2 protein chains.
Amino acid sequence: MRGDGSVLTKGAQARARIISVAETLFNKQGFDGASMRDIAAAAEMQPASVYYHFESKEELLWAVWEKGGLELLDRVNDAIAGKTDPWQRIETACIAHTTGLLDWRRANQALFVMPPWHYPESIKTRVISLRDEYEKIFIGLIDDLPLRKGIDRRYLRLTIIGALSWSLFWFKKERDTPASIAKQILSILRGGIDAAV
Amino acid sequence: MRGDGSVLTKGAQARARIISVAETLFNKQGFDGASMRDIAAAAEMQPASVYYHFESKEELLWAVWEKGGLELLDRVNDAIAGKTDPWQRIETACIAHTTGLLDWRRANQALFVMPPWHYPESIKTRVISLRDEYEKIFIGLIDDLPLRKGIDRRYLRLTIIGALSWSLFWFKKERDTPASIAKQILSILRGGIDAAV
DNA sequence: GTAATAATCTAACGAACGTTCGACAAATTA
DNA sequence: TAATTTGTCGAACGTTCGTTAGATTATTAC
């Protein structure tokens, strides 16, 4: 705690503000579409000042990515913290995942979810390791599920995460809610779809 | 047919060559990352010559998109043409879809699948209408399936396409094949996963 | 109060970008 | 063969980009 009552230094505040506006602009206009000048203007400073806090545009991208990833990680972990029933745990996690993507921090949608195909190796590895850590949650949750014989747990995980995350591309807030999407998808998966089975 | 035995005019050949190299470069480096100079060099011509065939970079993008979309459309339609059993039809279509994305025209992966969030309205509407036409195939196939009571066919379609398409982000050709991915995912969905159901 | 450090500023550099212009060559048509 | 269209070219225009250098102001430490 500082003398004026604030908890962050001026520098840390500026850093957070830059990450926040960059988050918004990267998502709205894409990484290439959002210039450092745009970001600086939105953060109400000069372009050069941004470089006092981040040494390059790519490092700023990573900061945005990391913030979004850790937030989603926390969100899902918090959601399942109290539950014990395996099916309830996975449903809660799915709802948190979908809500986090669709509602909560819209800015991180494309960034956290999309693979950084066109970005430099240094960032790619960091993003992938963050994603891996995130997927570990689901690996654990799915391990605890009592499944039909013959179900490949890896395919199941990829199916769940894929189906949920794909909602990024068709979600319309007038029609669906993140929670209902997660519930419906999980229910389809859980019970199967074939009338004859 | 022309005098020299070729079936295309010189212009049409050049156009096709440009689309082909642009397809590759857009996918490898992204739309912004691939410059008109890169594309022209790969097509073995001067940048200015590209503008004789396409009036802008965005129109070239659309041409790439359209080619990939129509090819995938044809691929899926051809695959289901002979089949009559509803489950066999959807499985065949899923395999064709996944194979088309993962194997066949790698260049169109991100382009056809990803929403053109950051692209101008004129292109966005054309891409969306192409995607809609493609999804109509799956709407028809799913309408014909004998499903358990209470299954929402729209959610089911989005789940199937989402789970399959998400494989773009984790597919490793050393480990999976497009056909096995499609089969496994469909089998999970068909029978359900809960041991108790 | 004074020195040191942290943060922001103005100004600009060099490179890359999409695109255009006008001349020139190749192919087609009459 | 002459006229016309089709396709390609070299050269450049104007703009925007990420980034940097150096001066200047605010904040902190002694």
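Naming: A, B, ... by sequence-line order, numbering from 1 per chain. All of these numbers come straight from a predicted model, not from anything done at the bench.
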Practice item. Can you tell me the distance, in whole Å, between the CG atom of A/L60 and the C1' atom of D/dT19? Key: 14 Å
Review point. Of B/L101, B/L164, B/L102, B/I95, which meets side-chain contact (heavy atoms from CB on, under 4.5 Å) against B/P178?
Key: B/L102
Check your understanding: Taking only N and O in the side chain of B/S49, is any of them less than 4.0 Å away from OP1 or OP2 of D/dC9?
Key -> yes
**Study point:** Short side-chain N/O contact from A/Y52 to OP1 or OP2 of C/dT8, under 4.0 Å
**Key:** no
Practice item. Taking only the side-chain nitrogens and oxygens of A/H53, find out if one of them lies under 4.0 Å from OP1 or OP2 of C/dT8. Key: yes
Practice item. Could you tell me how the ring of A/Y155 sits relative to the ring of B/W170: parallel (under 30°), tilted (30 to 60°) or perpendicular (over 60°)? Key: perpendicular
Point to revise | Separation of atom CD in A/Q29 from atom P in D/dC17, rounded to whole Å | key: 10 Å
Point to revise | Salt bridge present between A/D176 and B/R154 (N-O < 4.0 angstrom) | key: yes
Check your understanding: What is the distance from CE of A/M45 to P of D/dT24, rounded to the nearest Å?
Key -> 21 Å
Check your understanding: For residues B/D38 and B/S35, is any side-chain donor paired with an opposing acceptor at under 3.5 Å?
Key -> yes
Check your understanding: Is the shortest distance from a Lys or Arg side-chain nitrogen in B/R190 or B/E91 to a carboxylate oxygen in the other one below 4.0 Å?
Key -> no
Check your understanding: At under 4.0 Å between heavy atoms, what does B/Q46 touch on the DNA or RNA strands: base, sugar-phosphate, or nothing?
Key -> sugar-phosphate
Review point. How close or far is atom P of C/dA7 from atom CZ of A/F54, stated in whole angstroms?
Key: 12 Å
Review point. With the sugar-phosphate defined as primed atoms, P, OP1 and OP2, and the base as all remaining atoms, what B/S/- string results for nucleotides 12-22 of chain C, 5' to 3', for protein heavy atoms under 4.0 Å?
Key: B----BBBBB-
Exercise for review: Please report the C-alpha distance between B/R126 and B/E59 in whole Å, then the side-chain angles of each, then the deciding distance to 0.1 Å, and finally whether the salt bridge (charged side-chain N to carboxylate O under 4.0 Å, His left out) criterion is met.
Suggested key: CA-CA 11 Å; B/R126 281 184 275 179; B/E59 284 299 324; 2.9 Å; yes
